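Each remark here refers to the structure printed beneath this line.
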Number of protein chains: 2
Amino acid sequence: MENIKDKKYYPIREVAQLTGVRESVIRFWEQNFDELKPIKNRVGQRKYMKKDIDVILAIKKLLYDDEYKISGAQKRLKELLEEAAGEQMELFTFDEKMKNRKLNEIRNDLQEALAMLESGG
Amino acid sequence: MENIKDKKYYPIREVAQLTGVRESVIRFWEQNFDELKPIKNRVGQRKYMKKDIDVILAIKKLLYDDEYKISGAQKRLKELLEEAAGEQMELFTFDEKMKNRKLNEIRNDLQEALAMLESGG
DNA sequence: CGCTAGCCAGCTGCGCTACGCCCCGACCTA
DNA sequence: TAGGTCGGGGCGTAGCGCAGCTGGCTAGCG
């Protein structure tokens with residue numbers, strides 16, 4: 001079970017440390033970037049997965065390195081994600097795509113349930 | 001003599017109309033972008049050439065379409081101009097490059113002198 | 001008189017921060 | 001087991017500071 005790590009959920013404080021972005025900024029970005037939607041546990045606390053952290057790092061680059069405005073970064077991020085998704089999908093046959101989709105759905109459900117258990121109650 | 005048009009100098013009011021950018025904004029950008037340096041006539045009035053207008057349009061795109069911040073647009077513009085210059089230069093042999101450089105210097109001198117005459121007095 | 005210059009105080013809203021409140025778990029007391 | 005209370009993490013949001021103009025001034029020139 002290699003990807004057990006992928007299932008770990010990080011609280012906002014850890015994400016802030018890992019990414020070097022303040023908690024308040026992470027919360028602010030969440031209001032502005034559809035792509036940044038961590039799940040929340042029973043009491044409303046944010047729980048981040050690896051993919052969320054990647055999104056934060058991508059936004060950080062666009063805003064602080066490339067120096068886009070928020071609105072510009074939104075557009076660019078969407079482009080980048082579409083490109084990445086396109087490349088991903090080209091690697092699969094149709095059947096594999098379907099299988100992959102199902103697996104992802106199930107995994108997401110499990111991960112959400114897990115997060116509730118781990119950090120919610 | 002086709003490129004006689006290239007020698008025409010535009011006053012700021014015309015540039016504002018042509019580009020759809022307010023005069024005050026053009027003057028403001030001039031303080032922030034090294035690449036936007038129109039020559040000035042004897043009494044200090046700005047005189048724009050085609051290349052200046054291209055720069056303004058490039059800045060406009062970066063700021064209003066791509067939605068960079070000023071600082072980001074500065075960096076991006078420099079990159080774009082270097083790329084363009086690089087591509088240009090690759091078309092020439094060494095000797096041609098030298099000749100081209102000389103010609104450019106001479107042309108610039110002539111254009112400046114001309115602008116003084118035409119619009120300065 | 002119209003066009004433009006430079007200067008600069010003022011305005012708007014973007015991007016972030018600081019703060020007050022809430023929830024929860026740990027520990028005590030009975 | 002219930003009840004009290006203390007501290008720490010996290011929440012949302014009002015407010016702050018500055019980027020990016022705007023517009024009004026005075027002055028020079030033809």
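Each chain gets a letter, A, B and so on, in the order its sequence line appears, and its residues count up from 1. Keep in mind that this is a model prediction, so the values were computed, not measured.
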(message) Within the 4.0 Å limit for protein heavy atoms, which parts of nucleotides 12-22 of chain D are touched? Write it as a string from 5' to 3', B for base, S for sugar-phosphate only, - for none.
(response) BB------SBS
Detail all sub-3.5 Å separations between protein N/O atoms and N/O atoms belonging to nucleotides 5-8 of chain D.
none

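Using a cutoff of 4.0 Å between basic side-chain nitrogens and carboxylate oxygens, B:R27 and B:E23 are scored as salt-bridged.
In this structure, A:I26 places its CD1 atom 13 Å from C1' of C:dC16, rounding to the nearest Å. Here the P atom of nucleotide D:dG9 and the CD atom of A:E23 are 9 Å apart, to the nearest Å. Going from atom OH of B:Y10 over to atom P of C:dC3 covers 19 Å, rounded to whole Å. Rounded to whole Å, atom P of D:dG30 lies 9 Å from atom CD of B:Q45. What separates CD1 of B:I12 from P of C:dT4 is a distance of 8 Å, to the nearest Å. Rounded to an integer number of Å, the gap from B:N41 CG to C:dT4 P is 11 Å.
For D:dC11, neither phosphate oxygen OP1 nor OP2 lies less than 4.0 angstrom from any side-chain nitrogen or oxygen of A:R13.
For the pair A:I53 and A:L18, the tightest heavy-atom approach, listed with the atom from each and the gap, is CD1-CD1, 4.0 Å. Shown here for B:T19 and B:I56, the closest heavy-atom pair between the two residues is CG2-CG2, 3.8 Å.
Relative orientation of the A:Y68 and B:Y68 rings is parallel, given thresholds of 30° and 60° on the angle between their planes.
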